[in-house]
Amino acid sequence: MRDAYHEELDSIGDGLVEMARLVGSAIGRATAAILDTDLKLAESVIEADQKVDDLQHDLEARAIALLARQQPVATDLRIVVTSLRMSADLERSGDLAQHVAKLTRLRYPERAIPQDLHATILEMGQLAQRLMAKAAEVIVTKDVDLALQLEQDDDAMDLLHRTLFQHLLDDRWKHGIETAVDVTLLGRYYERYADHAVAVAKRVVFLVTGEHADELQPDIQPDIQPVSDAEGV
């Protein structure tokens, strides 16, 4: 019975990793869709989000069943409760990737993003994908140092987000109000996506140490940087 119980705990972890990989792929494909005005690719991202939702529902059902049957305590209880919270972060990440794809569909056949912002949006999409890949690695390895590093890496996304607003506030902005709204929303989607990747990593820190990540104060420099010319785009 105990072997089956721990196998079930492991399978919940495997489900989280699969969710992270799916939403990581989704944000990459959604970024390609909006930059290339690729409606077919956008639709595939929108449709694929159902698989992420199904995985979350399955994971939640199994976690709740474990709580009811096994009444776990200590570390095992932390695993189950933290897994439920991580699944919610990952499901929301998938929704945000879907929002990017839906913006492509909304403006098709027109381009949603002006050409002079393509490099910045591309870097935001690539950075979001790398952050989620690192979050997936953290789930697998339970590497606390790597998990703490994600919050530092997220500073690069905040910098890119500010870059978008600099363009919007520039007197030379010539793309109109509708495009400004689209760009504002898009920047928010990527920023929130990155925040959810960081939240996943923080929950792993709590799972492993029993302490909240904000209490550990690491002296870690980010290793994910925006491209050097993104601010000048």
Can you get from [X] to [Y] by hopping between Ile, Leu, Val, Met, Phe, Trp and Tyr side chains that sit under 4.5 Å apart?
X      : Y      : value
Ile27  : Leu106 : yes
Leu90  : Ile12  : yes
Val100 : Ile46  : no
Leu122 : Met132 : yes

Using a strict cut-off of less than 4.0 Å between a Lys/Arg side-chain nitrogen and an Asp/Glu carboxylate oxygen, indicate whether Glu123 and Arg130 qualify as a salt bridge.
yes
Taking atom CZ as the centre, does Arg107 end up with more than 12 heavy-atom neighbours from other residues, nucleotides or ligands that are less than 6.0 angstrom away?
yes
Would the number of heavy atoms belonging to other residues, nucleotides or ligands and lying under 6.0 Å from NZ of Lys142 be above 12?
yes
Please find the pair of heavy atoms, one from [X] and one from [Y], that lie closest to each other, and give the distance.
X      : Y      : result
Gly187 : Leu164 : CA-CD1, 3.6 Å
Ala136 : Val17  : O-CG2, 4.4 Å
Leu35  : Arg111 : O-NH1, 2.8 Å

Can you run down the ring-ring contact (aromatic ring centres under 6.0 Å, His included) pairs that involve residues 76-99, sequence neighbours left out, and say none if there aren't any?
His99-Tyr189
Partner set under side chain to side chain contact (heavy atoms under 4.5 Å, CB included) for Asp89, not counting sequence neighbours:
His196, Ala199, Val200, Arg203
Under the rule for side chain to side chain contact (heavy atoms under 4.5 Å, CB included), what residues qualify as partners of Arg188, not counting sequence neighbours?
Glu191, Arg192
Answer whether the closest heavy-atom distance between the side chains of Thr179 and Trp173 falls below 4.5 Å.
yes
Would you mind reporting whether Leu67 and Leu77 have side-chain heavy atoms less than 4.5 Å apart?
yes
Would you please say whether a donor-acceptor pair under 3.5 Å links the side chains of Asp145 and Gln149?
no
